[in-house]
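There's a structure below that I have some questions on.
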Protein chains: 2
Amino acid sequence: MSKLKVLIVEDEPVIAENVSLYLDNNDFEVSGIAYDSHEAIEQLNANTPDAVILDINLDSEKDGIDIATYINAAYQIPFLFLTSYSDKATLDRAKEVKPGGYIVKPFNERTLLASLQIAISNHAAEQKGSMPPISMDKINRHLLSPLTQREFEIIGFICEGHTNTQIAEKVFVSVNTVKTHLKNIYLKLDVSTRLALLKKLRELMIR
Amino acid sequence: MSKLKVLIVEDEPVIAENVSLYLDNNDFEVSGIAYDSHEAIEQLNANTPDAVILDINLDSEKDGIDIATYINAAYQIPFLFLTSYSDKATLDRAKEVKPGGYIVKPFNERTLLASLQIAISNHAAEQKGSMPPISMDKINRHLLSPLTQREFEIIGFICEGHTNTQIAEKVFVSVNTVKTHLKNIYLKLDVSTRLALLKKLRELMIR
DNA sequence: CAGAAATTCACCCCCTCGGGTGATGCGGAT
DNA sequence: ATCCGCATCACCCGAGGGGGTGAATTTCTG
């Protein structure tokens with residue numbers, strides 16, 4: 001039986017390497033380390049792991065809880081939050097995405113492994129006789145059907161908290177163009193601000 | 001001999017309490033816990049400790065390195081950085097304020113105590129035969145002599161990263177007034193932007 | 001009391017950001 | 001050829017931040 005692949009999403013290299021080391025020592029395979037939300041999504045899609053360890057505090061654009069929402073929508077794999085947050089609002093948000101567990105910094109090898117193993121086995125138990133996996137594609141087609149490729153691309157950046165100008169630079173297009181795409185997205189999804197858009201997307205994603 | 005007082009500046013309660021516990025267990029007295037840069041400055045002035053443990057990542061307004069700069073200027077007490085940052089630019093900034101040491105998260109009790117004791121004893125050694133302590137008042141009078149009370153107050157908020165509007169609200173004054181004070185400060189210190197002002201202040205503070 | 005310093009404020013300029021309107025060109029489907 | 005979807009962009013607007021000019025008021029001080 002091959003090792004279980006684990007993705008580490010952690011912006012602080014010191015901690016990421018620590019976790020990686022712990023996993024290596026204990027019959028897990030580290031499928032990758034993502035240092036920000038972009039990399040996290042990329043690595044999830046490119047090399048889907050069997051479990052994810054998610055730092056809640058990532059870039060200001062998108063945090064671990066957002067990644068967790070994405071994981072719930074696109075893949076059904078267990079994930080653990082790695083955090084030093086005890087802020088109530090954040091914990092409330094975290095609770096809603098049904099994490100497999102929390103690892104509080106500072107933590108030790110034993111804690112990490114125990115939490116991970118419990119999360120994986122609980123998740124396996126829950127999966128028995130539950131809904132079939134939903135692919136990201138299906139979600140897009142069904143709920144975001146009216147959206148264009150380009151528009152979907154723009155939404156991606158919006159989710160990551162980029163400004164119109166930043167998006168324009170990344171897509172090699174004028175700011176005005178980005179604004180137009182935004183306008184059309186707003187029309188199609190019946191919203192009129194980016195915040196409302198994000199709220200809407202979250203609703204759509206969480207079934 | 002009374003216990004050495006240590007101030008903890010750490011925005012994450014879990015870690016702060018951990019550190020506090022470690023210190024309590026080992027013949028140090030925790031003089032206070034500051035969860036943000038405001039509290040840090042307040043507690044420094046109110047109940048000056050013998051050493052400070054400083055998280056580098058605080059509020060976005062002012063980080064641990066800024067607090068360290070303040071400590072160097074106003075008090076000559078040893079401080080340690082508590083961090084998970086390995087970002088080069090930050091480490092370069094940190095190096096310049098001459099910290100007594102770094103504690104990398106995650107850390108254990110032994111590491112924390114060893115680092116703290118080394119920092120304190122090194123600092124004591126360096127103090128022998130060096131310059132006399134400089135009070136904040138003297139620095140103000142000498143280097144920032146042309147500045148008004150009000151202007152000094154404004155500078156305080158500027159250092160904490162507030163916008164003119166935010167300052168106006170705190171001081172119960174119009175934004176325009178804040179801008180005028182700023183203008184006068186710029187004149188007196190021969191700068192023309194807030195960034196230049198901060199740079200200048202840092203220069204003045206670090207002797 | 002007179003003058004200087006300190007404090008307050010009103011405008012003005014320029015920039016960026018988000019959002020809205022209208023227009024252009026290109027390709028595919030009818 | 002026509003129409004529609006898609007992508008592209010130019011302006012316009014209002015909000016808000018930073019900085020500059022000028023001016024009024026209070027307060028301290030010689």
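Every chain is numbered from 1, with letters handed out A, B, ... down the list of sequences.
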Check your understanding: Taking only residues two or more places apart in sequence or in another chain, which ones pass side-chain contact (heavy atoms from CB on, under 4.5 Å) with B/S20?
Key ->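 Per chain and number, B/S20 pairs via side-chain contact (heavy atoms from CB on, under 4.5 Å) with B/I8, B/D24, B/V30, B/I33.
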
Point to revise | Those residues that, when tested against B/K183, pass salt bridge (Lys or Arg N to Asp or Glu O under 4.0 Å) (two or more places apart) | key: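 Salt bridge (Lys or Arg N to Asp or Glu O under 4.0 Å) check on B/K183 returns nothing, list empty.
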
Review item, nucleotides 22-30 of chain D N/O atoms under 3.5 Å of protein N/O:
none

Review point. Of B/T193 and A/V171, whose closest DNA chain D nucleotide lies nearer the 5' terminus?
Key: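 Counting from the 5' end, the first nearest nucleotide belongs to A/V171.
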
Point to revise | Atom pair distance, as rounded to whole Å: CZ in A/F172 and P in D/dA7 | key: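 Between P of D/dA7 and CZ of A/F172: 17 Å.
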
Exercise for review: Figure out the CD/P separation between A/Q149 and D/dT8, and round it to whole Å.
Suggested key: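 Atom CD in A/Q149 sits about 12 Å away from atom P in D/dT8.
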
Review point. Roughly, in whole Å, what's the span from CD1 in A/I185 to P in C/dG18?
Key: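 It is 14 Å, rounded to the nearest whole Å.
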
Practice item. Calculate the interatomic distance between A/E169 atom CD and D/dC9 atom P; express it in whole Å. Key: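 It works out to 13 Å between those atoms.
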
Review point. Shortest non-hydrogen contact from A/L54 to A/F79?
Key: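 Answer, listing the atom of A/L54 first, then A/F79: CD1-CD1, 4.0 Å.
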
**Study point:** Below 4.0 Å: OP1/OP2 of D/dG17 and any side-chain N or O of B/N164
**Key:**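 Negative; the distance criterion is not met.
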
Check your understanding: What residue among B/I167, B/L147, B/V171, B/I154 forms side-chain contact (heavy atoms from CB on, under 4.5 Å) with B/H181?
Key ->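 Going through the options one by one, the only one that passes is B/I154.
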
Point to revise | Those residues that, when tested against B/N164, pass side chain to side chain donor-acceptor pair (under 3.5 Å) (two or more places apart) | key: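 B/N164 satisfies side chain to side chain donor-acceptor pair (under 3.5 Å) with B/R194 only.
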
Review point. Are any side-chain N or O atoms of A/T177 and backbone N or O atoms of A/V173, one a donor and one an acceptor, separated by less than 3.5 Å?
Key: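 No.
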
Practice item. Let me know the distance between CZ of A/F152 and P of D/dG5, rounded to the nearest Å. Key: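 Distance, rounded to whole Å: 21 Å.
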
Check your understanding: Are any of B/R150's side-chain N or O atoms less than 4.0 Å away from OP1 or OP2 of C/dT8?
Key ->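 The answer is yes; a side-chain N or O of B/R150 sits under 4.0 Å from OP1 or OP2.
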
Exercise for review: Take atom CD1 of A/I167 and atom P of D/dT8, then tell me their distance rounded to the nearest Å.
Suggested key: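 For the pair A/I167 CD1 and D/dT8 P, the rounded distance is 13 Å.
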
Check your understanding: D/dC6 C1' sits how many Å from A/L182 CG, rounded?
Key ->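 Rounded to the whole Å, the gap is 16 Å.
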
Practice item. Let me see the working for A/V19 and A/L23 under side-chain contact (heavy atoms from CB on, under 4.5 Å), right down to the final yes or no. Key: CA-CA 6 Å; A/V19 173; A/L23 295 182; 4.1 Å; yes

Check your understanding: Would a distance-only check, ignoring hydrogens and angles, find a side-chain to backbone donor-acceptor pair under 3.5 Å from A/T148 to A/R150?
Key ->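 Checking the backbone N and O of A/R150 against the side chain of A/T148, no donor-acceptor pair under 3.5 Å is found.
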
Review point. Looking only at heavy atoms, which two atoms of B/S31 and B/K5 are closest? And how far apart?
Key: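 Taking every non-hydrogen atom into account, CB-CB, 3.9 Å.
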
Point to revise | Atom-pair distance (CG on A/N184; P on D/dT8), nearest Å | key: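 Distance, rounded to whole Å: 12 Å.
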
Review point. Do A/E10 and A/L82 have side chains that get closer than 4.5 Å, going by heavy atoms?
Key: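 Side-chain contact under 4.5 Å: yes.
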
Any protein N or O atoms within reach of nucleotides 27-30 of chain C? Criterion: under 3.5 Å, listing atom names and distances.
none

Check your understanding: Base, sugar-phosphate, or nothing for A/T177, non-hydrogen atoms under 4.0 angstrom?
Key ->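 Base, at least one base atom sits under 4.0 Å.
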
**Study point:** Minimal non-hydrogen separation, A/A68 against A/F81, with atom names
**Key:**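 It is CB-CZ, 3.8 Å.
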
Practice item. Decide yes or no on side-chain contact (heavy atoms from CB on, under 4.5 Å) for B/I77 and B/V52, but give the supporting numbers first. Key: CA-CA 8 Å; B/I77 53 180; B/V52 186; 3.7 Å; yes

Contact list (N/O, under 3.5 angstrom) for nucleotides 11-14 of chain C vs protein:
{"from": "C/dC11", "atom 1": "N4", "to": "B/N176", "atom 2": "OD1", "distance (Å)": "3.0"}

Practice item. Would you indicate, yes or no, if C/dC17 has its OP1 or OP2 atom less than 4.0 angstrom from a side-chain nitrogen or oxygen of A/T165? Key: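 For A/T165, the contact criterion (side-chain N or O under 4.0 Å from OP1 or OP2 of C/dC17) is met.
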
